[in-house]
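We count ligands from 1, going down the list as the structure has it; atoms in each ligand are counted the same way. Values below: every heavy atom of this structure, side chains too, minus hydrogens, waters and symmetry copies. By convention here, the first residue in the shown sequence is residue 1.
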Amino acid sequence: MGSEVLEQFSREFFGLRRSDPVFSTGGEPELKRRVYLDTTATALMPRVVWRGLERYLEAACANSHTHAHRAGRDTTVAIEQSRDAIGRLVGYDANTDVVLFTSNGATGSVNFLARALFPPELRSVVKRFADAPPAPFLDTFKKALGAEGARAVDELLARPLVVTTRMEHHSNLLPWIEAVGRRNLRVVGVKPDGTLDFDHYRQILKEEGERVRLVAVAGVSNVTGIVNPVHEMAKLAHAAGAEILVDGAQWVPHGRVNMHPADRDARIDYLVMSGHKMYAPGSRGALVGCLETLADRRCVSDVGGGMVEFVSIEEYRIKDDVPSREEAGTPNIPGSIAMGLVAEALLQIGMDKLAEHEHELTRQLVSQLKELPGITVAGSTDLARVPRAGVVSFSVAGVHHGLVAAYLNDFHNIAVRNGCFCAQPYIQTLLGFDAARTEQCAEEHAIGDKRNVPGMVRASLGVYSTEEDIGALIDALRELLAKRDQVIDLYSVDADGTWSRKDGAESPQTFSVSQVVAEWMKSSN
Ligand SMILES: Cc1ncc(COP(=O)(O)O)c(C=O)c1O
């Protein structure tokens with residue numbers, strides 16, 4: 001049954017069966033089928049989710065957290081069902097883990113966890129006094145905080161370190177630099193084949209031991225699609241007394257995730273994900289993680305309605321239960337329910353089935369790209385040794401990545417992404433930059449000159465991707481390689497790094513807010 005459900009699900013996505021006008025190198029515009037290869041940035045949306053949202057809006061659209069009327073009750077239940085579906089999708093333990101919704105995708109979730117583990121009001125202490133000789137000021141500060149605050153400071157100073165990797169998306173790097181400062185961050189290197197340097201990881205843990213509070217690592221790279229051995233990493237982290245966060249933004253939608261495998265030491269303590277990367281509209285994020293630790297913190301990023309018991313002008317009492325306490329205000333209800341609907345659908349399909357489909361397409365994409373002369377695929381292409389989820393970044397000899405992306409869009413209606421994909425340190429390594437080249441980049445950025453900005457082209461797959469999509473990309477690249485000089489001659493680049501046609505021709509706009517309303521006005525008259 002899994003395969004039929006998978007097939008039906010993957011066929012029923014918005015925006016799959018459309019054609020748009022494109023330029024042709026022969027002169028006249030023509031219609032070409034849309035090929036979407038930018039799923040890593042945001043996935044297309046399945047119709048089942050839209051149907052679910054329509055049903056919800058029709059039957060129960062209301063604010064949550066009330067039992068006074070049916071719609072409010074149903075909304076509250078739908079949000080809780082969604083939490084549970086998301087948790088089940090990643091193998092949570094409903095007794096020990098909590099599912100928290102956050103705003104702004106995985107970024108919001110990582111930042112939330114960073115605030116929970118390293119409270120903003122104590123961060124300056126970690127940054128200044130970890131590794132520093134005892135200072136009289138610190139004692140005074142601790143006394144002022146009282147017994148509980150002093151304990152928190154001692155705990156932070158005993159384990160001030162975060163270990164992350166050079167492979168991370170900026171969203172799993174910058175929150176940790178902000179939280180503990182560069183001095184307390186250890187960064188696992190990557191090897192020339194794009195994989196994590198596991199020996200370096202071991203060495204860091206051996207050297208730092210119990211001073212490590214958290215290991216923060218991507219389950220799947222958003223640049224190379226390389227799947228990291230996170231359970232192995234978890235075992236080593238736990239042996240050192242640390243916890244582990246896995247950034248599941250690219251892992252959860254493309255593979256089976258089990259936060260609690262049979263070997264308890266291999267468990268994942270915290271997992272973050274992005275709704276819009278797992279086929280749910282909007283930018284809801286979710287953090288699934290150890291309830292005990294989160295219950296112990298008061299990580300109140302926002303205060304207001306919904307998270308308090310009693311309020312007077314003099315005092316207010318914050319609720320004990322973690323989701324309510326941490327989700328002040330009216331939640332993004334459609335976004336949360338959409339994530340729940342997708343999670344439930346993915347559970348029905350079975351993530352192993354879905355991953356199998358994507359692995360086969362990834363194999364085809366990598367092997368066909370490799371065969372094109374002048375194309376260099378980033379990272380190892382030995383998929384048996386280094387498994388990848390459906391993400392492949394590459395360079396085209398003699399053609400800037402920005403121009404490749406513009407050409408694929410303008411002439412072939414193929415959407416790919418180009419640049420550094422919010423993973424600049426990893427891209428710098430993959431491109432073999434030395435310190436001088438990295439410095440040169442920083443200088444070019446500083447003076448606002450992005451014409452020469454380094455980067456790659458990224459093609460990424462989703463459940464709806466097909467062999468025809470890959471074929472279209474390969475044919476288009478073949479054409480680009482054959483007409484390289486002619487294509488280069490058609491385009492120019494601005495200081496902000498935008499590539500556009502010299503003759504000013506642009507692909508037509510296909511959606512406009514005002515046009516939708518104008519058409520509705522016309523039809524209702
Ligand atoms: C691996 C990874 N982590 C985190 C993020 C951030 O996700 P969001 O933009 O949804 O917050 C991304 C986005 O591309 C990603 O690929």
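At least one heavy atom of Lys277 lies less than 4.0 angstrom from ligand 1. Using a 4.0 Å cutoff on heavy atoms, Asn172 does not count as a contact of ligand 1.
For the 3.5 Å distance criterion, the side chains of Ser109 and Thr102 qualify, holding a donor opposite an acceptor.
Across all their heavy atoms, Leu346 and Met351 have their closest contact at CB-SD, 3.8 Å. When every heavy atom of Gly248 is checked against every heavy atom of Pro253, the shortest pair comes out as O-CD, 3.8 Å. Annotation for Leu361 and Ser465: closest pair CD1-O, 3.1 Å, computed over non-hydrogen atoms.
Counting the atoms of ligand 1 from 1 in the order shown, those under 4.0 Å from a heavy atom of Gly105 are 10 (O), 11 (O). Atom numbering of ligand 1 starts at 1 in the shown order; those under 4.0 Å from a heavy atom of Ala249 are 2 (C), 3 (N), 4 (C), 15 (C). Interface atoms of ligand 1 facing Gln250, defined by a heavy-atom separation under 4.0 Å, are 1 (C), 14 (O), 15 (C), 16 (O).
A distance below 6.0 Å separates the ring centres of His412 and Tyr407.
Note that the OG atom of Ser460 and the CG atom of Asp38 stand 5.0 Å from one another [nearest 0.5 Å].
Distance from atom 15 (C) of ligand 1 to its nearest protein heavy atom, with residue and atom name: His169 CD2, 3.3 Å. Looking from atom 9 (O) of ligand 1 to the surrounding protein, the closest heavy atom is Thr107 OG1, 3.9 Å.
Between Ser274 and ligand 1, at least one N/O pair is under 3.5 Å apart.
At a heavy-atom cutoff of 4.0 Å, ligand 1 is contacted by the side chain of His276 but not by its backbone. Contact annotation: for Asp247 versus ligand 1, heavy atoms closer than 4.0 Å belong to the side chain alone. Heavy atoms of Ala218 found under 4.0 angstrom from ligand 1: none, in either backbone or side chain.
In this structure, Arg363 pairs ionically with Glu360, as a charged nitrogen and a carboxylate oxygen lie closer than 4.0 Å. A salt bridge does not link Arg34 with Asp20: every distance from a Lys NZ or Arg NE/NH1/NH2 to an Asp or Glu carboxylate oxygen is 4.0 Å or more.
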